[in-house]
Protein chains: 2
Amino acid sequence: MNINQNIKVAVDAIVFGYADNKLSILLIKQKYGVLKDKWALVGGFVKDNEALIDAVNRELTEETGINVSYLEQLYTFGDNVARDPRFHVISVAYFALVNSTSLILVPDTDAEDAKWFAIDEIPELAFDHQLIIDTAISRLKNKLSYQPIGFDLLPKEFPFSDLENLYCTILQREIDRRNFRKKILSFGFVEETKKFGTKKNGRPAKLFKFNKQKYNKLTKEGFIFEINFA
Amino acid sequence: MNINQNIKVAVDAIVFGYADNKLSILLIKQKYGVLKDKWALVGGFVKDNEALIDAVNRELTEETGINVSYLEQLYTFGDNVARDPRFHVISVAYFALVNSTSLILVPDTDAEDAKWFAIDEIPELAFDHQLIIDTAISRLKNKLSYQPIGFDLLPKEFPFSDLENLYCTILQREIDRRNFRKKILSFGFVEETKKFGTKKNGRPAKLFKFNKQKYNKLTKEGFIFEINFA
DNA sequence: TTCGTATGCGTATTTTTTACGCAAAATTAA
DNA sequence: TTAATTTTGCGTAAAAAATACGCATACGAA
């Protein structure tokens with residue numbers, strides 16, 4: 001069998017972070033090529049005999065040095081054959097979350113500039129990266145309701161109000177504080193610690209933590225995570 | 001920028017059909033190459049400057065001549081770099097449904113042999129195609145509960161018991177006939193026709209049909225499809 | 001006619017969701 | 001110091017949805 005095919009394979013990562021009641025995405029300023037000075041997603045070409053997931057992790061390390069707490073394949077973009085003006089490239093996009101204590105960026109490793117952009121302040125992007133981001137946001141919104149990924153955007157220990165605000169912010173709707181708390185606690189895998197958070201005013205809040213082992217155990221027993229508030 | 005990359009891009013389609021209370025997948029017998037006589041998914045290499053979705057549709061037409069009623073991207077398999085023994089190939093897998101009136105196969109177009117295999121009678125497959133199928137079945141099970149794709153596996157008009165059995169078969173659990181009917185009908189987009197189905201015994205059943213326009217309209221108004229029975 | 005089988009409609013019970021009142025513990029303003 | 005303000009934490013009642021199940025109906029077959 002003789003195959004003559006000249007399509008390049010890239011990976012891109014949409015890295016989400018959450019801080020100060022805002023959802024942000026990590027972007028890289030291109031330093032070379034026709035796209036110099038344009039912002040783009042973390043990503044690059046896959047190497048020969050390199051697994052896709054290894055390629056993403058490599059790019060994440062090389063370009064940002066950041067440690068993601070969640071990573072999954074999002075979608076493969078390859079219906080617009082002219083998405084890259086240079087040649088035919090398909091991009092396997094990945095969806096990543098980092099917890100808010102890891103939000104500080106290390107100095108650039110690869111002579112590139114990485115920066116967080118709030119979701120509603122994304123600059124003009126290279127390629128079809130805005131489409132990719134829109135897809136990722138949509139996935140994040142959906143997943144939040146049937147998978148406990150919100151915890152991957154928070155520090156290990158957090159006050160309940162932070163979790164609640166995270167849901168409000170990302171889902172863009174109001175939530176009844178008391179019912180939300182009741183529901184989450186009824187699951188049994190969010191446990192209180194003995195610590196208290198320090199806030200400017202108001203009653204000090206107990207800090208809680210997500211017990212992943214317990215969540216996994218419950219899941220194996222048939223528990224299905226689901227949060228829906230009208 | 002100079003890129004030297006030698007990765008091939010393929011597409012594969014997992015085509016589901018439903019008949020006689022059984023879920024089946026369409027497979028193709030390989031006639032050439034090292035994998036001669038092995039069964040494989042519908043698929044092949046993407047052409048230069050060909051959109052991924054066009055490649056899938058082309059392969060579906062060339063290899064099966066079948067008309068799918070639902071098609072979506074499933075997942076891109078590229079973590080096992082040796083999944084194809086010949087060279088580095090990543091495969092963008094698609095998930096397809098055909099309604100049971102289109103289940104009859106046309107004579108082979110491309111000197112290839114296509115055949116339906118019940119989900120529990122899949123033969124040994126080429127490449128990592130069993131893994132791809134497992135992923136697809138898992139997706140089908142999930143989607144069935146939050147998207148009305150069951151209708152894409154049935155003929156235009158069907159008795160309620162067929163829909164109910166489809167859910168039982170795919171989700172592999174019992175459903176209360178009466179509650180299931182009540183719930184589906186409460187949605188408002190499954191309408192009764194004046195026709196009656198002909199069965200061997202028992203009371204003749206009204207035929208129903210899925211009104212897609214109505215479903216789309218409700219969805220735009222905020223309706224969210226969901227079926228969950230314990 | 002009677003029996004077996006599958007359809008079609010209804011109602012009661014349980015569980016979950018939703019709405020919302022209010023005390024407690026802190027900071028800030030008076 | 002005291003009162004006002006803010007945020008947390010707990011509870012209870014009403015509304016809605018899920019579940020369980022009874023039973024008449026309509027056909028073919030014995």
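Predicted model, so just to flag it, every value in this text is computed and none were measured. Labels below follow one simple rule: chain letters A, B, ... track the order of the sequence lines, proteins then strands, and each chain is numbered from 1.
- Rounding to whole angstrom units, CZ of residue A/Phe196 and P of C/dA24 are separated by 16 Å.
- Between A/Arg203 and D/dG9 there is no side-chain polar atom (N or O) within less than 4.0 angstrom of OP1 or OP2.
- With rounding to whole Å, A/Lys206 atom NZ is found 19 Å from D/dT7 atom P.
- For A/Pro204, counting side-chain heavy atoms from C-beta on, the closest listed nucleotide (C/dC9, C/dA26, C/dC20) is C/dA26.
- At a threshold of 4.0 angstrom between heavy atoms, the contacts of B/Arg177 include nucleobase atoms, whether or not backbone atoms are also involved.
- A/Phe180 places its CZ atom 18 Å from the P atom of D/dT7, with the value rounded to the nearest Å.
- Note: CD1 (A/Ile184) to C1' (D/dG9) measures 16 Å, nearest angstrom.
- Side-chain N/O atoms of A/Lys182 include none lying less than 4.0 angstrom from OP1 or OP2 on D/dC10.
- Residue B/Leu185 contributes atom CG, which lies 14 Å from atom P of C/dT7 at whole-angstrom precision.
- Nucleotides of DNA chain C nearest to A/Asn201 and A/Lys183 differ in position, and the one nearer the 5' end is that of A/Lys183.
- Under a cut-off of 6.0 angstrom, the local environment of CG in B/Asp120 is crowded, with over 12 non-hydrogen atoms contributed by other residues, nucleotides or ligands.
- Regarding A/Ile175, its CD1 atom lies at a distance of 13 Å from the P atom of C/dA19, rounded to whole Å.
- For A/Phe158 and A/Phe208, the ring centers sit 6.0 Å or farther from each other.
- Residues B/Gly202 and A/Arg181 each lie close to DNA chain D; by heavy-atom proximity, the contact nearer the 5' end of the strand is made by A/Arg181.
- With ring centers used as reference points, A/Phe187 lies under 6.0 Å from A/Phe225.
- In the interface, the side chain of B/Asn179 is paired with the base of D/dA20 through a donor and an acceptor atom under 3.5 Å apart.
- For the atom pair CG (A/Leu163) and SG (A/Cys168), the distance works out to 10.0 Å, reported to the nearest 0.5 Å.
- Considering only the side chain of B/Arg178, D/dC23 comes nearest among D/dC23, D/dT8, D/dG11.
- Rounded to whole Å, atom P of C/dG8 lies 6 Å from atom CZ of B/Phe208.
- The six-membered or imidazole ring of B/Phe95 lies near that of B/Phe16, with a centre-to-centre distance under 6.0 Å.
- For the pair A/Leu207 CG and D/dT8 C1', the computed distance is 13 Å after rounding to whole Å.
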